[in-house]
Amino acid sequence: MELNGNQLLNRKIDICFGHGDQNGDGILEPADALALAARIIAYLGEPFNSPKAQALLDGFENFWKHVSARMDTNQDGKVTPLEWRTGMIGAFAGDSKAFDEGFRPLAEALWSICDRDDDGTVGPNEFAAFQRAFGTSPANSMIAFDRLDKDKSGTLSVDELLAAWQEYYTSPDPEAAGNWLFGDIWDASGTARA
């Protein structure tokens, strides 16, 4: 089923809500953000007491504080699916500075923990290890890496990850490279799953 731009954007945002809702209770709260960080740490095989793991946990904590301040409209400490969707579209689609403040520290921490061999780069296999935490198939992970590697260097930079996040959460364009950040919304032909 082919989705129009707004349906695609809503679908991407809803999928990420599902990724974040780690306990499956239909709301996002601080514990979900930390549980998602822990899941990524575990999938990457990083020791939980390492500086990289701590940086990722801190990045998710900062992310939660930043996005919940804009999304938790009734200030109950929880974000509903509607608040998440409305907040992503309203708070970040037109405000690059707010997006950068909330997402850059997380992108930097994520990039660092994905650099498994500490060579200062994140290659396709390292990125695939991150995507496994979200259930992305190996085939879609390779497609995603190729699309997100905009400068075709064979590695991903923090800026490429940040650009992918921004496109994923804000762009209704079905051709946006960032749509592939979480390859699990695509079938083998590249058509968005309904």
| Pairs satisfying salt bridge (charged side-chain N to carboxylate O under 4.0 Å, His left out), at least one member in residues 20-31, at least two apart |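 Passing the test, one end in residues 20-31: no pairs.
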| message | I need the full list of salt bridge (charged side-chain N to carboxylate O under 4.0 Å, His left out) pairs touching residues 154-168, with sequence neighbours left out, sorted by first then second residue. | response |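 Qualifying pairs: Arg104-Asp159, Lys150-Glu167.
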Set of side chain to side chain contact (heavy atoms under 4.5 Å, CB included) partners for [X], sequence neighbours left out:
X      : value
Ala163 : none
Asp76  : Asp72, Asn74, Lys78
Ala129 : Leu44, Arg132
Lys152 : Asp146

Can you see which heavy atom on [X] is nearest to which on [Y], and at what distance?
X      : Y      : result
Ala164 : Leu148 : CB-CD2, 3.6 Å
Leu110 : Trp165 : CD2-CH2, 3.7 Å
Cys114 : Glu126 : O-CB, 3.1 Å
Leu106 : Gly59  : CD1-C, 3.8 Å
Asp115 : Val122 : N-CG2, 3.9 Å
Ala107 : Leu162 : CB-CD1, 4.1 Å

Point-to-point distance, once rounded to the nearest 0.5 Å, from [atom1] of [X] to [atom2] of [Y]:
X      : Y      : atom1 : atom2 : answer
Arg85  : Thr80  : CZ    : OG1   : 10.5 Å
Leu9   : Tyr168 : CG    : OH    : 9.5 Å
Ile41  : Gln54  : CD1   : CD    : 8.0 Å
Met71  : Leu82  : CE    : CG    : 11.5 Å
Ile143 : Ser137 : CD1   : OG    : 7.0 Å

Report yes or no: does [X] contribute a side-chain atom to a donor-acceptor pair with the main-chain N or O of [Y] at less than 3.5 Å?
X      : Y      : result
Thr121 : Gly123 : no
Asn6   : Pro172 : no
Asn62  : His66  : no
Trp84  : Ile13  : yes

| field | Derivation and outcome, side chain to side chain contact (heavy atoms under 4.5 Å, CB included), residues Phe134 and Leu181 | value | CA-CA 10 Å; Phe134 298 94; Leu181 182 61; over 6 Å; no
What I'd like to find out is whether the side chain of [X] reaches to under 4.5 Å of the side chain of [Y], using heavy atoms alone.
X      : Y      : answer
Leu161 : Phe103 : no
Glu61  : Leu57  : no
Trp64  : Leu36  : no

| task | Tell me, please, which residues at least two apart from Asn49 pass side-chain hydrogen bond (donor to acceptor under 3.5 Å, both in side chains). | result |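 Asn49 satisfies side-chain hydrogen bond (donor to acceptor under 3.5 Å, both in side chains) with no residue once adjacent residues are dropped.
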| message | Tell me every residue that passes side-chain hydrogen bond (donor to acceptor under 3.5 Å, both in side chains) with Asn125, counting only those two or more places apart in sequence or in another chain. | response |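 Testing Asn125 for side-chain hydrogen bond (donor to acceptor under 3.5 Å, both in side chains), a comparison that skips the adjacent residues, returns none.
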With the 4.5 Å side-chain cut-off for hydrophobic clustering, are [X] and [Y] part of the same group?
X      : Y      : answer
Tyr43  : Ile113 : no
Phe63  : Ile27  : no
Leu156 : Met142 : no

| request: Sequence neighbours left out, what passes ring pair (Phe, Tyr, Trp, His ring centres under 6.0 Å) with Phe127? Give chain and number order. | output: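 Phe130.
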Can you name the residues that form a salt bridge (Lys or Arg N to Asp or Glu O under 4.0 Å) with [X], not counting sequence neighbours?
X     : value
Glu46 : Arg116
Asp58 : none
Lys52 : Asp118

| query | Yes or no on side chain to side chain donor-acceptor pair (under 3.5 Å) for Ser171 and Asp173, after CA distance, side-chain angles and deciding distance? | reply | CA-CA 5 Å; Ser171 177; Asp173 179 2; 4.9 Å; no
